[in-house]
Amino acid sequence: MDLLKEIKRLKEEKGALIVAHNYQLPEVQDIADFVGDSLELSRKVSEMENKMVVFCGVKFMAETAKVLSPEKKILLPRPDAICPMAEMISAEELRDFKKRYPKAKVVAYVNTNADVKAEADVCCTSANAVKVVKNIEGEEIIFVPDRNLALWSARFVNGKKIIPWEGFCYLHRRINSEEVRKAKEIHPDAVVLAHPECDPSVLDLADAVLSTSQMLRYARESEAKKFIICTEMGLLHRLKKENPSKEFLVPRALMCRNMKLTKLEDVYHSLLYERYEIELPQEIISRSRRALERMLELV
Ligand code: 13P
Ligand code: SF4
């Protein structure tokens, strides 16, 4: 069977949209109608008319799309594609944490489950965390679950106390500053781009700290010819495709095993059997939607 042909046929027959995160396998990115970072993907899903969406990414991203487009059938080809960082805080843990800081506002990184977003005042993504933290009213902010993103955002606000949850991305945590320093020494002409989930010591060495799609934009618009990319390797596919004359290096070859679970066969089965549909209680949809909409207002 020609999988690519069958995916295309089913997609057209069912009027489905396929979206893929920048970390997905190259062949999955190549069959998608749209590839982007977590913010762009959920926006795209709500803008498009398609009633069925195959979301090639991890569960929190597909849930975000469902919350913003509850009338659509959102399918996650691999139900086991979760983000370990999103699992580091539960709604109950956040409720207890809030009791310790009753005056604090809660900012939830989009890498959280929908019931955690429902407990937050506002969401943010890696692309807009700094703006959200700057613009939200209040002097105390609980930031969950990523400590590194919380500390990065805290660098840009004076007079606000940021209280981070101790969550982390196991993959970005493995990028170490010594390796980045060495790569810079060997390639002094290279521009260092880092994802804010990296350790603060890595972010100190970066020329720019950006979301995955912001890195793509930066690389396209920059005059530089060489880049050291501190994030998951899946991004190299688009970086190289969109900038054939530029060179992209990584301090360490790292793959997110959850992002790489989705194979072409899974996309095909997802379309064929219309699985695995994201289902959320109505109450969670409306409460988490408020936090996501507040984010869009603030930025
Ligand atoms: P982006 O929103 O920057 O694509 O990041 C998502 C993510 O999971 C990073 O690890
Ligand atoms: Fe989650 Fe890290 Fe994978 Fe992103 S790279 S999906 S934060 S585990």
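Start at 1 and go down the list; that is how both ligands and their atoms are numbered.
The backbone N or O of Gln24 lies less than 3.5 Å from a partner atom in the side chain of Gln29, making a donor-acceptor pair. A donor-acceptor pair under 3.5 Å is formed between the side chain of Trp165 and the backbone N or O of Met88.
For atom 5 (O) of ligand 1, the closest non-hydrogen atom on the protein side is His195 NE2, 3.3 Å. Of all protein heavy atoms, the one lying nearest to atom 8 (O) of ligand 1 is Asn111 ND2, 3.3 Å. From the protein, the heavy atom lying nearest to atom 10 (O) of ligand 1 is Glu197 OE1, 2.9 Å. When hydrogens are left out, the protein atom nearest atom 2 (O) of ligand 1 is Ser38 OG, 2.5 Å; that is the closest non-hydrogen contact. His21 NE2, 3.7 Å is the protein heavy atom nearest to atom 6 (C) of ligand 1.
Taking every non-hydrogen atom of Tyr23 and a distance limit under 4.0 Å, the qualifying atoms of ligand 1 come out as 7 (C), 9 (C), 10 (O). Listed by atom number, the atoms of ligand 2 under 4.0 Å from Glu197 heavy atoms are 2 (Fe), 7 (S). Taking every non-hydrogen atom of His172 and a distance limit under 4.0 Å, the qualifying atoms of ligand 1 come out as 10 (O). Remark: ligand 2 atoms within the under-4.0 Å shell around heavy atoms of Asn111 are 7 (S). Residue-ligand proximity, Ser211 to ligand 1, at heavy-atom distances under 4.0 Å covers atoms 3 (O).
At a heavy-atom cutoff of 4.0 Å, ligand 1 is contacted by the side chain of Ser126 but not by its backbone.
Note on Glu283 versus Arg287: salt bridge recorded, some NZ/NE/NH1/NH2 to OD/OE distance being below 4.0 Å. Between Glu166 and Arg147 a salt bridge is recorded (basic side-chain N to carboxylate O distance below 4.0 Å). Salt-bridge check for Lys225 with Glu247: failed, with every basic side-chain N at 4.0 Å or more from each acidic carboxylate O.
Applying the salt bridge (charged side-chain N to carboxylate O under 4.0 Å, His left out) criterion to Lys263, with sequence neighbours excluded, gives no partner residue.
No option in Thr231, Thr212, Asn258 other than Thr231 meets the side-chain hydrogen bond (donor to acceptor under 3.5 Å, both in side chains) test with Tyr23.
Protein atoms of type N/O/S that fall under 2.8 Å from atom 3 (Fe) of ligand 2 number 1 in this view.
At least one cation-pi condition fails for Arg43 and Phe34: the charged atom is not both under 6.0 angstrom from the six-membered ring centre and inside a 45 degree cone around its axis.
Considering backbone and side-chain N/O atoms, Asp37 never comes within less than 3.5 Å of an N/O atom of ligand 1.
Linking Ile, Leu, Val, Met, Phe, Trp and Tyr whenever their side-chain heavy atoms come within less than 4.5 Å leaves Leu239 and Ile175 in two separate clusters. Tracing side-chain contacts under 4.5 Å through hydrophobic residues (I, L, V, M, F, W, Y), one reaches Met215 starting from Phe248; they form part of the same cluster.
No more than 12 heavy atoms of other residues, nucleotides or ligands sit less than 6.0 Å from atom CD of Glu139.
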One pair to check against side chain to side chain contact (heavy atoms under 4.5 Å, CB included): Phe55 and Ser270. What are the steps and the verdict? CA-CA 10 Å; Phe55 204 114; Ser270 181; over 6 Å; no
